[in-house]
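Note: hydrogens, waters and symmetry copies are ignored here, and every other heavy atom, side chains too, is used. Letters A, B, ... are given to chains in the order of the sequence lines, protein chains preceding strands, and every chain is numbered from 1.
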There are 2 protein chains.
Amino acid sequence: MVTRPTETESLLTPAEVAAMFRVDPKTVTRWAKAGKLSAIRTLGGHRRYRESEVTELLGGTIPAQRGARD
Amino acid sequence: MVTRPTETESLLTPAEVAAMFRVDPKTVTRWAKAGKLSAIRTLGGHRRYRESEVTELLGGTIPAQRGARD
DNA sequence: CGGTAATCGGGTAATTTGGGCC
DNA sequence: CCTGTCCAAATTACCCGATTAC
């Protein structure tokens with residue numbers, strides 16, 4: 001193991017996910033409570049989200065259809 | 001924590017885009033439905049628009065065609 | 001152990017959503 | 001065809017104090 005200090009593995013903090021979705025960390029917590037997001041709870045009760053999960057959800061973008069021809 | 005560089009894409013809320021275009025948020029929503037604007041949906045159903053997309057469209061204005069016959 | 005920043009929890013106001021009409 | 005306003009419901013944002021994370 002090549003020493004992995006305080007670096008994050010694949011877990012994102014509520015503030016991270018909130019910034020990616022442009023929403024409030026509280027809203028992200030709501031999604032976790034609603035079961036829309038997989039959340040891992042720390043021993044203290046704080047939530048941690050999987051980067052893969054968030055990235056997957058962010059991939060739901062709809063490409064704007066410009067002119068049929070360009 | 002000063003936020004981590006996790007693919008931070010600047011997103012705008014409907015009110016933001018509406019203010020930039022001087023139209024109602026409803027109109028912006030129609031553009032998104034019409035496929036004229038790229039929209040990211042939050043887990044709650046709300047839309048988030050790319051700042052780059054909006055800025056790009058705002059930059060495509062007509063440079064005031066003056067003069068030919070006025 | 002002590003300190004700062006973030007997150008937790010609940011509650012209320014503001015915003016956004018969707019469709020129909022002019 | 002496009003936009004603005006109406007309605008009702010859902011979702012999100014910010015307030016507080018307390019705890020947890022590092």
Side-chain angles (χ1 to χ4, degrees):
Chain A
M1 276 310 139
V2 283
T3 47
R4 203 112 271 176
T6 64
E7 287 303 323
T8 53
E9 298 180 273
S10 280
L11 301 177
L12 299 174
T13 59
E16 293 291 306
V17 185
M20 294 169 75
F21 278 93
R22 187 68 179 89
V23 294
D24 217 81
K26 211 59 155 228
T27 305
V28 182
T29 300
R30 256 176 238 271
W31 296 344
K33 281 202 283 195
K36 296 173 178 173
L37 238 175
S38 309
I40 301 176
R41 305 266 281 193
T42 66
L43 299 183
H46 285 199
R47 295 184 185 74
R48 217 115 269 181
Y49 309 94
R50 290 221 172 252
E51 186 186 18
S52 323
E53 185 79 53
V54 178
T55 306
E56 185 96 3
L57 291 168
L58 276 171
T61 45
I62 301 175
Q65 296 179 42
R66 278 290 194 81
R69 287 186 59 239
D70 195 71
Chain B
M1 249 184 229
V2 289
T3 30
R4 203 147 271 279
T6 313
E7 276 188 55
T8 312
E9 201 128 32
S10 301
L11 299 176
L12 298 174
T13 58
E16 290 286 299
V17 183
M20 294 171 78
F21 279 96
R22 282 290 264 166
V23 295
D24 280 84
K26 202 67 162 188
T27 304
V28 181
T29 300
R30 285 181 203 210
W31 294 345
K33 278 200 288 196
K36 295 177 174 180
L37 241 173
S38 309
I40 298 178
R41 308 265 282 192
T42 67
L43 301 188
H46 285 201
R47 295 187 187 79
R48 289 280 111 95
Y49 306 97
R50 292 214 211 177
E51 187 193 38
S52 319
E53 187 79 45
V54 177
T55 305
E56 188 90 4
L57 292 168
L58 278 171
T61 29
I62 302 170
Q65 206 170 67
R66 270 232 116 233
R69 242 303 209 100
D70 200 9

Residue-phosphate contact under 4.0 Å: [X] side-chain N/O, [N] OP1/OP2:
X	N	result
A:Arg47	C:dC8	yes
B:Thr29	C:dG18	no
A:Trp31	D:dT11	no
A:Thr27	D:dT11	no

Quickly work out the [X] [atom1] to [N] [atom2] distance and round it to whole Å.
X	N	atom1	atom2	value
B:Leu12	D:dT12	CG	P	17 Å
B:Leu43	C:dT17	CG	C1'	15 Å
B:Arg22	D:dC2	CZ	C1'	18 Å
A:Glu16	D:dA21	CD	C1'	15 Å
B:Phe21	D:dG4	CZ	C1'	17 Å
A:Leu11	C:dA6	CG	C1'	16 Å

State the [atom1]-[atom2] distance between [X] and [Y], to the nearest 0.5 angstrom.
X	Y	atom1	atom2	result
A:Glu56	A:Ser38	CD	OG	10.5 Å
A:Glu51	A:Glu16	CD	CD	9.0 Å
B:Leu11	A:Met20	CG	CE	10.0 Å

Taking the minimum atom-to-atom distance to the side chain of [X], which one of [options] wins?
X	options	value
A:Arg48	C:dG18, C:dG9, D:dC22	D:dC22
B:Arg41	C:dG18, C:dC8, C:dT16	C:dG18
B:His46	C:dT15, C:dG19, C:dC8	C:dT15
A:Asp24	D:dA21, C:dG18, D:dA13	D:dA13
A:Val23	D:dA13, D:dG4, C:dT17	D:dA13

Whom does D:dC15 pair with, Watson-Crick or G-U wobble, provided both distances fall under 3.5 Å? C:dG10
Opposite nucleotide pairing with D:dG4, Watson-Crick or G-U, both atom distances under 3.5 Å: C:dC21
If you go through the side-chain atoms of A:Lys26, does one of them form a donor-acceptor pair with the base of C:dG11 closer than 3.5 Å? no
Side-chain-base donor-acceptor pair under 3.5 Å for A:Lys33 and C:dG9: no
Please report the closest heavy-atom contact between A:Pro25 and A:Ala18, naming both atoms and the distance. N-CB, 3.4 Å
By nearest-heavy-atom nucleotide on DNA chain D, the more 5' of B:Thr42 and A:Gly44 is B:Thr42
Would B:Trp31 and B:Tyr49 count as a ring pair (Phe, Tyr, Trp, His ring centres under 6.0 Å) here? Give the steps. CA-CA 11 Å; B:Trp31 294 345; B:Tyr49 306 97; 9.1 Å; no
Inspect the surroundings of CZ in A:Arg47 and state if more than 12 heavy atoms from other residues, nucleotides or ligands are less than 6.0 Å away. yes
For A:Arg30, answer base if it contacts any base atom (sugar-phosphate contacts may also be present), sugar-phosphate if it contacts only those atoms, and nothing otherwise; contact means non-hydrogen atoms under 4.0 Å. base
